[in-house]
There are 2 protein chains.
Amino acid sequence: MKLDELDMKILNELRENSRLSMSELGRRVNLSSPSVTERVRQMESFGVIKKYTVEVNYEKVGQPIQCIVEATVKNGDYQGFNKLIQRFSNIEFCYRVAGNACFLLKLQFNNFAEAEEFINTVNPIASTVTHFIFSEVKTNLKLDLT
Amino acid sequence: MKLDELDMKILNELRENSRLSMSELGRRVNLSSPSVTERVRQMESFGVIKKYTVEVNYEKVGQPIQCIVEATVKNGDYQGFNKLIQRFSNIEFCYRVAGNACFLLKLQFNNFAEAEEFINTVNPIASTVTHFIFSEVKTNLKLDLT
DNA sequence: GTTGAAAGACACCATCC
DNA sequence: GGATGGTGTCTTTCAAC
């Protein structure tokens, strides 16, 4: 699927507010509502749009402890690591990466005890470096056509 | 603001699909639509809900190069670093963290040349460790009441 | 927090450019 | 590819409870 500038505009609008109606979305990108609808449907079915979701303030939701963990799997037991982390529901992301570490994860916890518990659970399989998050410096993001 | 189990249910539903109508949302959590609407409005105004947004597949959008960068600022010039990264629009997040590094950032690029350019721009102010992302292992996330 | 009613907006379709 | 107009449905919003 080839995206044009209009698709990018649509994505940027939806990224700012995914609850826009198709007609309002059309107004913002100067397109009729049937046209926007079709473009959006296309991007959904091609997987360009993965999910409509919500950004939550974890502190206000009772999970004030956030951290990013570098995990280096021992003895190349990637399967075991994969399996292990599946049971946690407080993982925002887990990426397989190049570099010293094998995986980078972001997690939320209700308190430090929970964080410790997680690390203890993982450590038999992977060594970890934990970066607790102090604050969010920047999060904006715009898509451009190259 | 004190959240109860119903609020959590609502958040989890919206996190899975932020485009649900209030009436449909009400159906799913067994609440009338006026009640859901009020709860959602509350969570919006208290900042529990930060933003309704969309998850995009960066590869399909023409930004196949993703990485997480650890940045360690030289000479404690945090202001300079902050200012520097503001001009980039391809930063998904930037956290101030504890640990060896000062900041952790996630970025998207159209190609390696752009990634190199970013690193070159940052290096006078901060040393960096770059982890290119191979794949996304896990991303689900549910909120629970403690 | 619920129900019910009224107004409005929306999505959808067919048609046409 | 995109726009327009009409129709039916769903939603929102308000009132009263």
Side-chain angles (χ1 to χ4, degrees), chain A residues 1-63 110 142-146, chain B residues 1-64 110 141-146:
Chain A
M1 185 189 185
K2 184 79 189 131
L3 301 174
D4 62 13
E5 209 174 320
L6 233 63
D7 294 315
M8 292 304 191
K9 264 185 165 176
I10 292 170
L11 284 176
N12 281 325
E13 287 291 342
L14 284 176
R15 169 171 296 216
E16 275 308 308
N17 182 6
S18 62
R19 283 185 67 83
L20 290 177
S21 67
M22 288 302 142
S23 41
E24 175 59 25
L25 188 52
R27 249 165 257 139
R28 301 199 180 195
V29 301
N30 298 316
L31 221 59
S32 70
S33 102
S35 303
V36 192
T37 306
E38 179 169 346
R39 276 168 180 267
V40 171
R41 297 282 167 269
Q42 287 261 328
M43 292 196 282
E44 288 170 355
S45 61
F46 277 93
V48 176
I49 292 175
K50 294 199 315 198
K51 192 192 263 192
Y52 299 100
T53 188
V54 116
E55 281 179 23
V56 163
N57 184 321
Y58 289 112
E59 284 145 47
K60 298 192 176 169
V61 131
Q63 301 195 311
N110 300 291
K142 277 226 174 170
L143 302 169
D144 296 303
L145 262 194
T146 354
Chain B
M1 184 189 187
K2 185 78 188 133
L3 300 175
D4 62 14
E5 208 173 320
L6 234 64
D7 293 315
M8 292 303 189
K9 265 186 167 174
I10 292 170
L11 284 177
N12 280 327
E13 287 291 343
L14 284 176
R15 170 172 296 218
E16 275 308 308
N17 182 6
S18 62
R19 284 185 68 83
L20 289 176
S21 67
M22 289 302 141
S23 43
E24 174 60 25
L25 187 54
R27 251 166 256 140
R28 300 197 181 196
V29 301
N30 297 316
L31 221 59
S32 67
S33 101
S35 304
V36 191
T37 307
E38 181 170 344
R39 278 170 180 266
V40 171
R41 298 280 169 269
Q42 288 260 330
M43 291 196 283
E44 288 170 355
S45 60
F46 277 93
V48 175
I49 292 175
K50 293 199 313 199
K51 192 191 264 191
Y52 299 100
T53 188
V54 117
E55 280 179 23
V56 163
N57 185 320
Y58 289 113
E59 283 145 48
K60 299 192 176 171
V61 132
Q63 301 195 311
N110 299 292
L141 192 60
K142 276 225 174 174
L143 301 168
D144 295 303
L145 262 192
T146 353

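Numbered from 1 within each chain, the chains take letters A, B, ... in sequence-line order.
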Do B:M43 and B:L3 come close enough that some side-chain heavy atom pair is under 4.5 Å? yes
As a quick check of understanding, evaluate side chain to side chain contact (heavy atoms under 4.5 Å, CB included) for A:N12 and A:R28, giving each step before the final call. CA-CA 11 Å; A:N12 281 325; A:R28 301 199 180 195; over 6 Å; no
Between B:P64 and B:N110, what is the shortest heavy-atom contact and its length? CD-O, 3.5 Å
Could you tell me whether A:K9 and A:E13 make a salt bridge, using a distance below 4.0 angstrom between a side-chain N and a carboxylate O? no
B:K50/B:E44 salt bridge by N-O under 4.0 Å criterion: no
Just the table, please: protein N/O against nucleotides 8-10 of chain C N/O, every pair under 3.5 Å.
{"residue": "C:dC10", "atom": "OP1", "partner": "A:S21", "partner atom": "OG", "Å": "3.4"}
{"residue": "C:dC10", "atom": "OP2", "partner": "A:S23", "partner atom": "OG", "Å": "3.4"}
{"residue": "C:dC10", "atom": "O5'", "partner": "A:S23", "partner atom": "OG", "Å": "3.4"}

Below 4.0 angstrom, N of the basic side chain to O of the carboxylate: do A:E24 and A:R27 qualify? yes
Most 5' of A:R19 and A:S32 on DNA chain D, judged by nearest nucleotide: A:S32
What are the bounds, 5' to 3', of the part of DNA chain D that sits under 4.0 Å from heavy atoms of chain A? D:dG1 to D:dT4
What is the nucleic acid contact for A:E38, judged by heavy atoms within less than 4.0 Å: base, sugar-phosphate only, or nothing? sugar-phosphate
From CG (A:L6) to CG (A:L31), nearest 0.5 Å: 5.0 Å
Heavy-atom nearest nucleotide on DNA chain C for B:S33 versus A:R41: which residue maps closer to 5'? B:S33
Using heavy atoms to find the nearest nucleotide of DNA chain C for B:V36 and A:T37 separately, return the residue whose nucleotide is more 5′. B:V36
Using a distance-only test with no angle check, is there a side-chain donor-acceptor pair under 3.5 angstrom linking B:T53 and A:S18? no
